[in-house]
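All remarks here apply to the structure that follows.
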Amino acid sequence: MALVQLKNVSLKYHTLEGEITALESINLSVEPEEFVSIVGPSGCGKSTLLSLVAGLLQPTTGEILIGGEPVRGPSAKVGYMLQQDYLYEWRTILDNALLGLEIRGTKTPETVAEVKQMLQDYGLGGFESYYPHQLSGGMRQRVALIRTLAIQPEVLLLDEPFSALDYQNRLAVGEEVVRILRERRKTVIMVTHDIPEAVSMANRVIVMTPRPGTIQSEHRIAMSSAGLTPLQTREHPAFRKYFTAIWKELNVYA
Ligand code: ADP
Ligand code: MG
């Protein structure tokens, strides 16, 4: 069964100027352990879609199910990671990584030990007592990911998670993140405006229309499903084909 289901979802924002239909008739199912990327023009409702899955917004019509259960509000089943890493500069790396557990009141010796182990496994061993400003952008983003993983979400929502990083770092961190998420068998929905990033990381790329956002097309990416890493996918002969097809769809609006 699909882990995440959006059934005929639409969302209208009510503003002083009137209603804005951000999303219309969205039907989307995400399978367990699937990595879905969403690309689309700016303002087409990508972040809105993630906020709906996160339970931060309620749909105007339709419904959203996670594990068959309707989403009624934020829950520990869903981890949300944004473009800005939102690390607190006055907290150490360890204390930043523990923040989600503290907020949920699930900080125990066991969960703290797990977080320390993740820091160790993901190249941050020895940095526990450092402060965010002492780390590179890529390392900071890994701390944010560990903080999100600490609450053991089934679904991870990533909203342009690498756009604050330079190109070199984006490639390296993307490679890392995919390795970590596959190891942990997470289900992922990632929004990005970077087509190569979307294709290299995902099992499936969803292309959206301009506002009101609807699903225009979807592309199954053979490489990641065959176990290739993002860098290997970028070097695969079929990569350009996917890129060009998606780029053409998006450039109809440019
Ligand atoms: P994207 O992430 O694809 O750039 P968003 O989901 O942020 O798009 O926004 C979709 C549309 O909804 C945009 O036109 C945006 O201006 C509008 N919008 C987003 N948030 C609000 C809000 N809180 N109130 C009113 N309009 C909003
Ligand atoms: Mg956005």
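Counting begins at 1 with the first residue of the sequence. Side chains included, hydrogens not; waters and symmetry mates left out as well; all remaining heavy atoms used. Whatever order the structure lists them in is the order used to number ligands and atoms, beginning at 1.
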Any non-hydrogen protein atom less than 4.0 Å away from atom 16 (O) of ligand 1: no
Under 3.5 Å: donor-acceptor pair, side chain of N96, backbone of Y88: yes
N/O separation below 3.5 Å, T48 to ligand 1: yes
Polar proximity ligand 1 side, C44 side, N/O cut 3.5 Å exclusive: yes
Under 3.5 Å: donor-acceptor pair, side chain of N27, backbone of N8: yes
Geometric N/O contact I20 with ligand 1, under 3.5 angstrom: no
Short side-chain to backbone donor-acceptor contact, E235 and Q232, under 3.5 Å: no
Part of R211 with heavy atoms under 4.0 Å of ligand 1, whether side chain, backbone, both or neither: side chain
Nearest-neighbour protein heavy atom for atom 10 (C) of ligand 1, which is reported as residue plus atom name and distance: G43 O, 3.3 Å
Top protein contact for atom 8 (O) of ligand 1, by heavy-atom distance: G45 N, 3.2 Å
T233 and S200: side chain donor to acceptor below 3.5 Å: no
Numbering as shown, the atoms of ligand 1 that approach T15 to under 4.0 Å (heavy-atom distance): 25 (C)
Atom 27 (C) of ligand 1: the protein heavy-atom neighbour that sits closest, reported with distance to 0.1 Å: Y13 CD1, 3.4 Å
Note: E154-K77 ion pair, threshold 4.0 Å (strictly below): no
Sidechain-backbone polar pair: E89 side chain, H133 backbone, donor-acceptor under 3.5 Å: yes
Side-chain donor or acceptor of T111 paired with backbone N/O of T106 under 3.5 Å: yes
The Mg ion (ligand 2) to nearest N/O/S of S47 below 2.8 Å: yes
Option nearest atom 7 (O) of ligand 1 (shortest heavy-atom distance, choices P41, G40, S47, G213): S47
Counterpart residues, side-chain hydrogen bond (donor to acceptor under 3.5 Å, both in side chains), relative to E33 (two or more places apart): R185
